[in-house]
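Worksheet: one structure, shown below.
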Amino acid sequence: MIKQIQSDEIYLLLTSGNGFKKLGKLGFLKDNSVFFVFPEMSVPGILSESLIDRNKSDVQKVDLGNGGKVTNETVKFMYHPDGNIHFSMEKRIRTEIKTNNVKLENQADCLFECFYENFGTFKNISSQDYNKYKKRGCFRLGYNTIPRVFRISIRRCILKNVNWAGAGVVFYSKNKEIALTMAISEEKNITFNYNKPIFVFRSSVIQQQDKIKFLAAMYPASNYKELRKKIGTVDIV
């Protein structure tokens with residue numbers, strides 16, 4: 001049976017039986033915008049509007065510094081019904097990393113993907129926070145042993161078309177006007193070769209004539225101080 005959670009705020013929690021770790025917060029606004037608040041990393045990150053060559057079939061390296069800005073804040077990704085997508089956080093960062101995508105109702109690609117590495121060593125939330133999240137709405141992702149790297153992918157779905165006898169999880173807003181599915185996969189062939197928790201984000205892509213554009217983020221940002229001097233920051237300081 002598909003697990004269903006109806007709430008305008010859903011906390012994604014990770015556990016292996018010894019406390020809970022917050023992977024982020026998924027939510028819906030009154031205008032049916034979708035948002036995702038990143039996990040609270042203790043290191044600075046980099047946000048970017050990225051491009052890759054559409055005509056190349058080999059693996060391409062993405063330089064987040066090209067079209068990017070650094071941040072010391074926990075930020076959120078927004079996908080508005082009109083297709084406007086951006087990184088923001090009220091009173092914390094300026095909304096400078098943004099672009100336009102297809103309307104939310106027409107989006108067939110995943111809205112976004114998150115990669116988590118070494119989150120078995122990520123900090124646990126307090127019991128008070130856990131009780132608060134449980135009351136508001138939460139999804140608990142449990143492993144016997146937390147994989148070194150795993151991915152979550154979020155897609156829009158239509159409630160009336162959901163096969164409730166299947167497997168998976170569906171999140172939907174209190175007004176039932178917007179619904180999302182989440183896929184979870186262990187990534188054995190992906191690693192960022194870092195011995196601390198790493199969070200990587202990628203939005204749905206925008207197909208252009210010869211380029212593919214998307215928003216991306218990564219925590220930690222290597223050489224943060226040098227990058228801040230070179231490309232600047234979105235932080236409100």
Roughly how far, to the nearest 0.5 Å, is the CZ atom of R202 from the OG atom of S153? 7.5 Å

Does the salt bridge (charged side-chain N to carboxylate O under 4.0 Å, His left out) test come out yes or no for E90 and K76, once each step is laid out? CA-CA 9 Å; E90 293 81 358; K76 67 181 175 183; 2.9 Å; yes

Once you round to the nearest 0.5 Å, how far does OG of S204 lie from CD of E113? 10.0 Å

Parallel, tilted or perpendicular: which one describes the rings of F38 and F87, with boundaries at 30° and 60°? perpendicular

Judged by atom type as modelled, is there a donor-acceptor pair below 3.5 Å linking the side chain of R155 to the main-chain atoms of Q107? no

Which atom of I231 lies closest to which atom of G68, heavy atoms considered: CD1-O, 3.4 Å

Determine, stepwise, if the pair R92 / V75 fulfils side chain to side chain contact (heavy atoms under 4.5 Å, CB included). CA-CA 8 Å; R92 298 288 184 86; V75 306; over 6 Å; no

Tell me, do Q207 and I212 make a side-chain contact under 4.5 Å, heavy atoms counted? yes

For the residue pair I236 and K91, what are the closest heavy atoms and their distance? CD1-C, 3.9 Å

Name the orientation class of the two ring planes belonging to F77 and F201 (parallel below 30°, tilted from 30 to 60°, perpendicular beyond 60°). tilted

Would you say V102 ends up clustered with I85 if hydrophobic residues are merged whenever their side chains have heavy atoms under 4.5 Å apart, either directly or through other cluster members? yes

Do the side chains of I198 and M218 get nearer than 4.5 Å, heavy atoms only? yes

Heavy-atom check, side chain of K22 versus side chain of F122, under 4.5 Å: no

Consider only side-chain N and O atoms of Y224 and N72, and report whether a donor and an acceptor are under 3.5 Å apart. yes

Single-linkage hydrophobic cluster I178~F35, side-chain heavy atoms < 4.5 angstrom: yes

Test I184 against F139 for side chain to side chain contact (heavy atoms under 4.5 Å, CB included), laying out the working first. CA-CA 12 Å; I184 306 159; F139 174 78; 4.0 Å; yes

Pair S185, E187: side-chain N/O donor-acceptor within cut-off below 3.5 Å: yes

Taking every heavy atom of L104 against every heavy atom of N32, the minimum-distance pair comes out as CD2-O, 3.4 Å

Indicate, with yes or no, if L47 and M89 share a hydrophobic cluster defined by side-chain heavy-atom contacts under 4.5 Å among Ile, Leu, Val, Met, Phe, Trp and Tyr. yes

Min side-chain heavy-atom separation D109-N101 under 4.5 Å: no

Could you check whether any side-chain heavy atom of F28 comes within less than 4.5 Å of a side-chain heavy atom of L180, counting everything from C-beta outward? yes

Does the N124 side chain pair with the main chain of N18, one donor and one acceptor, at a distance under 3.5 Å? yes

Step by step, work out the side chain to side chain contact (heavy atoms under 4.5 Å, CB included) result for K21 and I146. CA-CA 11 Å; K21 308 169 191 299; I146 296 172; 4.2 Å; yes

Regarding D8 and S173, is there a side-chain donor-to-acceptor distance under 3.5 Å anywhere? no

Would you call L12 and F36 a side-chain contact if the rule is heavy atoms closer than 4.5 Å? yes

Are R140 and Y130 close enough that a side-chain donor and a side-chain acceptor fall under 3.5 Å? yes

Give the minimum heavy-atom separation between N118 and P197, together with the two atoms involved. O-CG, 3.6 Å

Got a sec: does the NZ of K211 have more than 12 other heavy atoms crowding it under 6.0 Å? yes

Can you check whether F112 reaches Y79 side chain to side chain, under 4.5 Å on heavy atoms? no

E49 with K98: basic N within carboxylate O range, under 4.0 Å: no

To the closest 0.5 Å, what do you measure between CG (L159) and NZ (K176)? 8.0 Å

Okay, side chain of T71, backbone of V234: is any donor-acceptor separation there less than 3.5 Å? no

Inter-residue atom distance C114.SG - F150.CZ, 0.5 Å rounding: 9.5 Å

Using the ring centroid of each side chain, check whether F199 and Y116 are separated by less than 6.0 Å. yes

Interatomic distance, L51 atom CG to F214 atom CZ [nearest 0.5 angstrom]: 8.0 Å

Give a yes or no answer on whether the side chain of R156 reaches the backbone of E105 with a donor-acceptor pair at less than 3.5 Å. yes

K103, NZ atom: more than 12 neighbouring heavy atoms under 6.0 Å: no

Over all atoms of both residues, closest heavy-atom pair of L64 and S50: CD2-OG, 3.5 Å

Taking S126 for the side chain and D129 for the main chain, is one N or O donor matched with an acceptor at less than 3.5 Å? yes

List the steps and the verdict of side chain to side chain contact (heavy atoms under 4.5 Å, CB included) for I206 and N100. CA-CA 8 Å; I206 302 100; N100 291 312; over 6 Å; no

What's the shortest heavy-atom distance between I154 and L26, and which atoms? CD1-CD2, 4.3 Å

Shared hydrophobic cluster, Y143 / F119 (ILVMFWY, side-chain heavy atoms < 4.5 Å): yes

Do I2 and N163 have side-chain heavy atoms sitting under 4.5 Å apart? no

As an exercise, state the distance from NZ of K25 to OG1 of T74, rounded to the nearest 0.5 Å. 11.5 Å

Is it true that L23 and M78 fall in one hydrophobic cluster, defined by side-chain heavy atoms closer than 4.5 Å? yes

